[in-house]
Amino acid sequence: MITVLLIEDDLDLAQTVMDYLQLEAISCDHASNGAAGLNLLQQNHYDVLLLDLNLPRIDGLTVCERLRNEGSNISVLMLTARDQLTDKQAGFAAGTDDYLVKPFELKELVMRIHALSRRRSGQTQLLRCGDLQMNLQQRQLSRADINLHLSPTGWRILELLLRESPNVVSRQRLEIAVWGEEIPDSDSLKVHLHHLRKTIDGGFETSLLHTIPGVGIAIRDDNET
């Protein structure tokens with residue numbers, strides 16, 4: 001079942017949305033202000049966040065910014081009466097994935113929720129696995145508080161692996177993500193993965209970069225899984 005958190009201060013609208021989502025077999029919790037919403041997000045797992053822009057205590061943009069700065073990759077659908085381009089730009093800059101302008105059709109809301117629930121957000125600014133941390137905004141990589149340095153290609157490979165962690169990424173997908181259609185010789189990815197493994201696993205007790213024969217590559221912390 002898809003799990004959703006709705007942060008909306010219009011109680012009538014919130015009740016209408018929750019009742020409709022229940023009919024669509026979508027579980028929905030509700031918070032009436034930004035602070036309460038952040039508390040629920042810390043306590044529970046949700047697939048999608050439905051976030052009103054104008055909220056008491058902590059507004060929607062600030063809620064979204066905090067989530068992204070903390071590394072959350074929850075998909076965020078911003079609900080707002082503002083339909084100006086500048087307002088949408090502010091929302092996307094804060095880290096929202098999609099916009100729905102009030103008033104909206106509940107059927108369209110359900111369609112957006114299903115689409116967003118199938119993918120993790122690409123807006124997160126902090127990617128983690130175990131004690132490995134990649135700060136996309138500051139372009140910094142560290143493990144156990146030790147700064148690490150990668151080539152631009154190594155960075156792209158690691159970013160994709162961290163976004164998909166702990167899932168396995170095929171070698172073909174890695175090659176396309178890094179080089180597009182102009183993929184170099186077959187040893188290029190192997191060489192970059194070798195350097196990546198030395199950088200993030202060399203000198204540390206546990207390995208995070210794993211090769212799954214015949215399947216692909218994964219970043220995962222076995223201690224956590």
Side-chain angles (χ1 to χ4, degrees), residues 38 41-42 45-47 49 61-76 90-97 116 118-225:
L38 286 171
L41 287 163
Q42 291 175 352
H45 167 80
Y46 298 101
D47 298 305
L49 172 60
L61 289 179
T62 303
V63 169
C64 197
E65 288 175 344
R66 288 192 185 183
L67 289 173
R68 297 314 185 207
N69 290 335
E70 292 170 0
S72 173
N73 63 357
I74 186 174
S75 294
V76 178
F92 286 122
T96 188
D97 296 282
L116 288 171
R118 289 193 290 268
R119 61 182 174 86
R120 295 178 179 179
S121 175
Q123 292 274 19
T124 182
Q125 295 299 309
L126 195 62
L127 304 175
R128 292 193 184 99
C129 178
D131 55 359
L132 179 68
Q133 178 173 293
M134 173 182 276
N135 190 312
L136 299 174
Q137 190 172 32
Q138 299 177 7
R139 199 74 180 178
Q140 293 179 344
L141 178 69
S142 64
R143 182 169 183 188
D145 295 325
I146 299 173
N147 290 330
L148 306 176
H149 301 281
L150 291 175
S151 68
T153 299
W155 181 279
R156 289 196 294 272
I157 292 172
L158 181 58
E159 181 180 345
L160 176 57
L161 290 172
L162 282 171
R163 288 191 183 279
E164 295 297 324
S165 176
N167 298 324
V168 181
V169 181
S170 69
R171 292 177 179 271
Q172 181 182 22
R173 185 179 172 194
L174 283 171
E175 289 175 335
I176 293 175
V178 174
W179 292 290
E181 299 300 323
E182 299 181 2
I183 299 174
D185 63 81
S186 58
D187 288 334
S188 295
L189 180 60
K190 182 178 180 180
V191 171
H192 284 291
L193 287 172
H194 172 73
H195 289 302
L196 180 59
R197 179 174 279 108
K198 286 179 59 178
T199 300
I200 67 172
D201 286 340
F204 296 97
E205 292 184 2
T206 58
S207 297
L208 298 177
L209 184 64
H210 301 275
T211 299
I212 292 79
V215 183
I217 312 296
I219 288 281
R220 58 176 59 150
D221 184 357
D222 290 335
N223 292 328
E224 294 181 345
T225 57

Quiz item: Does a side-chain heavy-atom distance below 4.5 Å link Glu175 with Ser188?
Solution: no

Self-check item: Partners meeting side chain to side chain contact (heavy atoms under 4.5 Å, CB included) with Val178 (sequence neighbours left out)
Solution: Thr153, Arg156, Ile157

Self-check item: Leu196: which of Asp201, Leu150, Leu148 passes side chain to side chain contact (heavy atoms under 4.5 Å, CB included)
Solution: Leu150

Practice problem: Apply side-chain contact (heavy atoms from CB on, under 4.5 Å) to Leu67 and Leu38, showing your working. | Solution: CA-CA 8 Å; Leu67 289 173; Leu38 286 171; 4.2 Å; yes

Exercise. Return the set of residues passing side chain to side chain donor-acceptor pair (under 3.5 Å) with Gln140 (not counting sequence neighbours), or none when no residue passes.
Key: none

Quiz item: Of all heavy-atom pairs between Cys129 and Asp221, which one has the smallest distance, and what is that distance?
Solution: SG-N, 3.5 Å

Self-check item: Those residues that, when tested against Ala144, pass side chain to side chain contact (heavy atoms under 4.5 Å, CB included) (two or more places apart)
Solution: Asp131, Phe204

Self-check item: Side chains of Leu208 and Arg143 in contact at under 4.5 Å (non-hydrogen atoms)
Solution: yes

Exercise. Working to the nearest 0.5 Å, report the span between SG of Cys64 and CG of Leu49.
Key: 7.5 Å

Practice problem: Starting at CZ of Arg197, measure out to OG1 of Thr211 and round the result to the nearest 0.5 Å. | Solution: 4.0 Å

Quiz item: Partners of His194 by side chain to side chain contact (heavy atoms under 4.5 Å, CB included), sequence neighbours excluded?
Solution: Lys198

Exercise. Identify the heavy atoms of Ala218 and Pro166 that sit nearest to each other, and give their distance.
Key: CB-O, 4.0 Å

Quiz prompt | side chain to side chain donor-acceptor pair (under 3.5 Å) involving Ser170 - partner list, sequence neighbours excluded | solution = none

Self-check item: Pairwise distance CZ(Arg139) to CH2(Trp155) - rounded to 0.5 angstrom
Solution: 5.0 Å

Quiz prompt | pair Ile217-Val169: side-chain heavy atoms closer than 4.5 Å | solution = no

Quiz prompt | Test log, rule side-chain contact (heavy atoms from CB on, under 4.5 Å), inputs Leu141 and Leu132 | solution = CA-CA 8 Å; Leu141 178 69; Leu132 179 68; 3.8 Å; yes

Quiz prompt | Test applied, side chain to side chain contact (heavy atoms under 4.5 Å, CB included); reference residue, Arg68; option that passes from Leu136, Thr96, Leu126, Ile74 | solution = Ile74

Quiz item: His45: what forms a side chain to side chain contact (heavy atoms under 4.5 Å, CB included) with it, not counting sequence neighbours?
Solution: Thr3, Asp47

Quiz item: Checking side-chain contact (heavy atoms from CB on, under 4.5 Å) for the pair Val168/Arg220: CA distance, chi angles, key distance, verdict?
Solution: CA-CA 9 Å; Val168 181; Arg220 58 176 59 150; 3.6 Å; yes

Quiz item: Who passes side chain to side chain donor-acceptor pair (under 3.5 Å) against Ser142, sequence neighbours left out?
Solution: none

Quiz item: If you look only at pairs with a residue in residues 144-155, which of them pass as a salt bridge (Lys or Arg N to Asp or Glu O under 4.0 Å), with sequence neighbours excluded?
Solution: none

Quiz prompt | Contacts of Arg173 that satisfy side chain to side chain donor-acceptor pair (under 3.5 Å) - sequence neighbours left out | solution = Glu164

Quiz item: In Å, rounded to the nearest 0.5 Å, how long is the span from CD1 of Ile200 to CG of Leu162?
Solution: 7.5 Å

Self-check item: Residue list, salt bridge (charged side-chain N to carboxylate O under 4.0 Å, His left out) with Glu159, at least two apart or on another chain
Solution: Arg163

Self-check item: Nearest-0.5 Å distance, CZ of residue Arg128 to CD1 of residue Ile219
Solution: 15.5 Å

Quiz item: Once you round to the nearest 0.5 Å, how far does CG of Leu161 lie from CG of Leu174?
Solution: 5.0 Å

